[in-house]
Amino acid sequence: MHIYCIHITNLLDEAEFNELIQYVSPDKKAKIQRFRKPIDAVRSLLGDLIIRTILCRHYGLTNDEIHYEYQEFGKPYLPHHPLLHFNISHSGDWVVGVVSTNIIGIDIEKITEVKENFVSLALCAEEDRQLQSLHETDRHSFFFKLWTLKESYVKAIGTGLSEGLNTLEITMDNEDIIMKKNEKPIPAYFETMELQQGYQFSLCSLSENTYQDIQVFSLQEFIEEVNIFLPAPDYQEFFIHKTQ
């Protein structure tokens, strides 16, 4: 499993953005260019590039053979490489991505004030009771730990919020994290990590992982990584070949 984390302290300038967007597919490029806010476009671009860079650097793919299709609820996958799984998340100053040979999901969230409607959406009754029993200063971190753990699971299985986060219940005993649905344990493995104070990062795998490679980059360090490992694909040649 390879996890890349990019800390964004400044936006890409126009030249950097235009250079990097050439590495993604035409469809992805069009989606990125539809974002109204520059930060959203940058996050989306970097998330895609994280996956491409990991696939090329660590799994031997070339950029021009990376093509996505989408499951029922929108989760992308690699139809020509079914044994490789990936996921992306971003929040605040961070963009993170993971590639693994196991089905995987990740979620990162900036810890903010907890909104009441989010509590009813995300927590079951017992979790809500635990939340209310905590000192006010501890509630935010507790809520976002549960939120990211549940998000990482529904992103792994590809159902997203259609799963109903409040139908899932998490119990934590030291390092052991167990998730249940209808009182039955879910066969999944969880981890939480701290990239930076004020952020919660969780990971879910449907198989136990024995190896992790976690790399943290500044924006400029990641751009250098892209330039080394991602020769720009010739998508025009691909689409001509595909239509012949």
Side-chain angles (χ1 to χ4, degrees), residues 1 3 5 37 40 43-44 47 70-77 85-98 100 102-209 212:
M1 178 194 306
I3 302 171
C5 311
K37 295 181 180 180
D40 292 331
R43 288 170 179 156
S44 180
Y70 297 87
Q71 297 175 358
E72 178 183 359
F73 294 100
K75 182 180 180 180
Y77 67 98
H85 306 275
F86 64 93
N87 205 226
I88 302 164
S89 183
H90 53 74
S91 180
D93 297 334
W94 287 95
V95 181
V96 297
V98 59
S100 175
N102 299 323
I103 298 175
I104 198 82
I106 57 173
D107 191 52
I108 186 169
E109 298 291 342
K110 186 175 183 179
I111 298 173
T112 60
E113 184 176 350
V114 178
K115 297 180 180 180
E116 189 59 36
N117 60 325
F118 276 26
V119 174
S120 60
L121 173 68
L123 305 189
C124 68
E126 173 59 23
E127 292 166 339
D128 191 5
R129 185 197 66 77
Q130 294 178 44
L131 178 73
Q132 301 307 324
S133 71
L134 295 173
H135 189 278
E136 187 174 354
T137 56
D138 298 324
R139 290 179 186 174
H140 303 323
S141 58
F142 177 78
F143 172 83
F144 278 100
K145 188 169 189 175
L146 294 181
W147 175 277
T148 57
L149 284 167
K150 293 184 180 188
E151 277 274 11
S152 69
Y153 170 69
V154 299
K155 290 177 71 177
I157 64 175
T159 58
L161 294 179
S162 68
E163 179 72 18
L165 299 186
N166 56 9
T167 67
L168 306 171
E169 180 178 0
I170 291 175
T171 58
M172 293 178 281
D173 182 11
N174 294 323
E175 297 298 319
D176 294 328
I177 300 171
I178 299 172
M179 181 178 289
K180 295 180 180 180
K181 186 176 179 70
N182 299 325
E183 299 185 353
K184 295 181 180 180
I186 292 172
Y189 300 84
F190 297 92
E191 291 187 48
T192 60
M193 309 175 195
E194 185 171 316
L195 291 175
Q196 182 184 12
Q197 187 174 6
Y199 286 82
Q200 182 65 52
F201 180 28
S202 294
L203 178 149
C204 171
S205 175
L206 299 192
S207 301
E208 189 169 12
N209 293 284
Q212 286 184 6

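Counting heavy atoms from C-beta outward, F144 and T112 have side chains that approach closer than 4.5 Å. At a threshold of 4.5 Å between non-hydrogen side-chain atoms, the residues L203 and M1 count as touching. Within the 4.5 Å cutoff, the side chain of F142 has heavy atoms near those of the M172 side chain. At a threshold of 4.5 Å between non-hydrogen side-chain atoms, the residues T148 and T192 do not count as touching.
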Stepwise, does the side-chain contact (heavy atoms from CB on, under 4.5 Å) test hold for L168 with I186?
-> CA-CA 9 Å; L168 306 171; I186 292 172; 3.9 Å; yes
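At most 12 heavy atoms of other shown residues, nucleotides or ligands fall within 6.0 angstrom of atom CD in E136. Taking a 6.0 Å sphere around NZ of K181, one finds it holds more than 12 heavy atoms contributed by other residues, nucleotides or ligands.
Scanning all heavy atoms of the two residues, the minimum distance from L123 to K150 falls at CA-NZ, 3.9 Å. Between I108 and F201, the shortest heavy-atom contact is CB-CD1, 4.1 Å. Shortest non-hydrogen contact noted between L121 and L165 is O-CB, 3.8 Å. Nearest heavy atoms, C124 versus E169: SG-CG, 3.6 Å.
For K180 and E126, the salt-bridge test fails: no basic side-chain N is under 4.0 Å from an acidic carboxylate O.
Put simply, CD on E208 and CG on N102 are 10.0 Å apart, with the number rounded to the nearest 0.5 Å. Separation of atoms SG (C204) and CD (E151) is listed at 11.5 Å; rounding is to 0.5 Å. The CD1 atom of I157 lies 7.5 Å from the CG atom of L206; values are rounded to the nearest 0.5 Å. A distance of 15.0 Å separates CH2 of W147 from NE2 of H140, quoted to the nearest 0.5 Å. The distance from atom CD1 of I3 to atom CG of N87, rounded to the nearest 0.5 Å, is 10.5 Å. Between atom SG of residue C5 and atom NE2 of residue H90 there is a gap of 14.0 Å, rounded to the nearest 0.5 Å.
Looking at K110, its side chain never comes within 3.5 Å of a backbone N or O of G92 through a donor-acceptor pair. Panel note: side chain K75, backbone A156; a donor-acceptor pair is recorded below 3.5 Å. With hydrogens and angles disregarded, a donor-acceptor distance shorter than 3.5 Å links the side chain of N166 to the backbone of S120. Side chain of Q71 to main chain of Y77: no donor-acceptor pair is present (N/O by atom type, distance under 3.5 Å, no hydrogens or angles). A side-chain donor-acceptor contact under 3.5 Å links R139 to the backbone of Q132.
Annotation: ring pair (Phe, Tyr, Trp, His ring centres under 6.0 Å) contacts of Y70 (sequence neighbours excluded): none.
Ring geometry, W94 versus Y199: the interplanar angle exceeds 60°, so the pair is classed perpendicular (tilted spans 30 to 60°).
Defined by atom type and a distance below 3.5 Å, a donor-acceptor pair is missing between the side-chain atoms of D107 and S202.
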